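All values reported here derive from a predicted model rather than from experimental measurement.
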Amino acid sequence: MTPRGTTWATVLSALAATACLTYTEVTLPGQTLISDYALVPGGMTPVLIGMLALAAACLFLAYGLAAREAARTAATRVLLLATAAGLMLSALFPTDPAFSEVNSLGGEIHRWSAAVVFTALPVAGWTLARAREVLPRWNLVRAVSLTSGLTLAAYLAAHPGSFVSSLINGGAYYGLLERGLVLSEIGLIVVMALTSARARPVAAAAVAEPGRRSERSERRLAA
């Protein structure tokens, strides 16, 4: 697959995940958390497809980054692969019912794999934009990464398991924060893909650089 093809595959996979989320929100009875839709009739399929589509988006993005800037994006690609693995595990192991203690192995795996997903993506975006030029497209990656990180912090504070949740009435809106977090991270994947698509492919740079060196050598010999 060409680098350009990976960009389009990333964007389309992210859009497919968004479509699955929209379908569950519109057609199924409202649930506290997105994972809870897998526990209601007709919810397992869109939740499963959405998670796997988002995992595919992460894999396509990692592949595209490897084709363009393998050395510079190593840390970002490791985080993207961890995110994809977390999404696959979350899809394979459904959550336990809402408002109940996590008391099954599958529920425990789901909880920790979701934690990897929510944490790794903002860090992946930040590492990709780290030490880049101060250009609007890289500033956008930084901004969306920061937004995802702040939304994650707010979600963790509002979650009923947090010791400050009761102080801020987090139980009333932590589900909304989770949806905002998921949408911001899907948006981050798209922004990362479109921004990195403008980077120069490694293969092209590798071919051009020896050519420039040989030209300089010929000039020195001629001199």
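Counting heavy atoms from C-beta on, the side chains of Ser35 and Val47 never come closer than 4.5 Å. Contact of the Asn139 side chain with the Val134 side chain is registered, since non-hydrogen atoms from C-beta on lie closer than 4.5 Å. Here the side chains of Tyr174 and Leu33 are in contact, with some heavy-atom distance below 4.5 Å. For the pair Val182/Ile34, a side-chain contact is recorded, criterion being any heavy-atom separation below 4.5 Å from C-beta on. Under the 4.5 Å side-chain criterion, counting only non-hydrogen atoms from C-beta, Leu135 is not in contact with Arg198. Inter-residue side-chain proximity for Thr2 and Trp8 is flagged as unmet; no heavy-atom pair is nearer than 4.5 Å.
Applying the salt bridge (Lys or Arg N to Asp or Glu O under 4.0 Å) test to every pair with at least one member in residues 17-34, sequence neighbours left out, gives these pairs: Glu25-Arg179.
Partners of Thr27 by side-chain contact (heavy atoms from CB on, under 4.5 Å), not counting sequence neighbours, listed by chain and number: Tyr23. Under the side-chain contact (heavy atoms from CB on, under 4.5 Å) criterion, Ala16 pairs with Ala53, sequence neighbours left out. For Ser13, there are no side-chain hydrogen bond (donor to acceptor under 3.5 Å, both in side chains) partners two or more places apart in sequence or in a different chain. Taking the side-chain hydrogen bond (donor to acceptor under 3.5 Å, both in side chains) definition, one finds that Ser165 meets it with nothing, sequence neighbours left out. With sequence neighbours left out, Ser148 forms a side-chain hydrogen bond (donor to acceptor under 3.5 Å, both in side chains) with Ser184. Applying the ring-ring contact (aromatic ring centres under 6.0 Å, His included) test to Tyr63 and every residue at least two apart in sequence or in another chain returns nothing.
Heavy atoms only, all atoms of each residue included: Leu188 and Ser145 are closest at CD1-OG, 3.4 Å. A pairwise comparison of heavy atoms in Ile186 and Ala14 identifies CG2-O, 3.8 Å as the closest pair. The minimum heavy-atom distance between Ser196 and Leu61, with the atom names listed, is OG-CD1, 4.1 Å. Residues Ala193 and Thr10 come closest through the heavy atom pair CB-CG2, 3.7 Å. Residues Leu21 and Thr24 share a closest heavy-atom pair of O-OG1, 2.7 Å. Nearest heavy atom pair, residue Ser90 against residue Ser113, reads OG-OG, 2.8 Å.
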Can you list, pair by pair, the side-chain donor-acceptor contacts under 3.5 Å of residues 114-121, counting residues two or more places apart and other chains?
residue, atom, partner, partner atom, Å
Thr119, OG1, Ala115, O, 2.8

Side-chain donor-acceptor pairs of residues 150-161 under 3.5 Å, sequence neighbours excluded:
residue, atom, partner, partner atom, Å
Thr151, OG1, Thr147, O, 2.7
His159, ND1, Gly161, N, 3.0

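Connectivity analysis of hydrophobic side chains (ILVMFWY, heavy atoms under 4.5 Å, direct or indirect) links Trp112 to nothing; its cluster partners are none. Hydrophobic clustering, defined by side-chain heavy atoms of Ile, Leu, Val, Met, Phe, Trp and Tyr closer than 4.5 Å, groups Leu59 together with Leu48, Leu52, Leu81, Met88. Think of Ile109 as one node in a network of Ile, Leu, Val, Met, Phe, Trp and Tyr side chains linked at under 4.5 Å; its network also takes in Leu89, Leu92, Phe93, Leu105.
Looking at Thr73, its side chain never comes within 3.5 Å of a backbone N or O of Thr76 through a donor-acceptor pair. One N or O on the side chain of Arg77 and one on the backbone of Ala70 form a donor-acceptor pair closer than 3.5 Å. The backbone N or O of Met192 sits nowhere less than 3.5 Å from a side-chain atom of Thr195 that would complete a donor-acceptor pair.
For the atom pair CG of Leu39 and CG of Asp96, the computed distance is 8.0 Å after rounding to the nearest 0.5 Å. The CG atom of Leu183 sits 10.0 Å away from atom CD of Glu178, with the distance rounded to the nearest 0.5 Å.
Under the 4.5 Å side-chain heavy-atom criterion for grouping Ile, Leu, Val, Met, Phe, Trp and Tyr, Leu140 is connected to Leu128 within one hydrophobic cluster. In the hydrophobic clustering of this structure, Phe60 does not group with Met51; members are Ile, Leu, Val, Met, Phe, Trp, Tyr whose side-chain heavy atoms approach within less than 4.5 Å, directly or through other members.
Using a 4.0 Å cut-off between a side-chain N of Lys or Arg and a carboxylate O of Asp or Glu, Glu69 and Arg132 qualify as a salt bridge.
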* To do: Show your working on side-chain contact (heavy atoms from CB on, under 4.5 Å) between Leu194 and Thr7 and close with a plain yes or no.
  => CA-CA 7 Å; Leu194 295 177; Thr7 300; 4.1 Å; yes

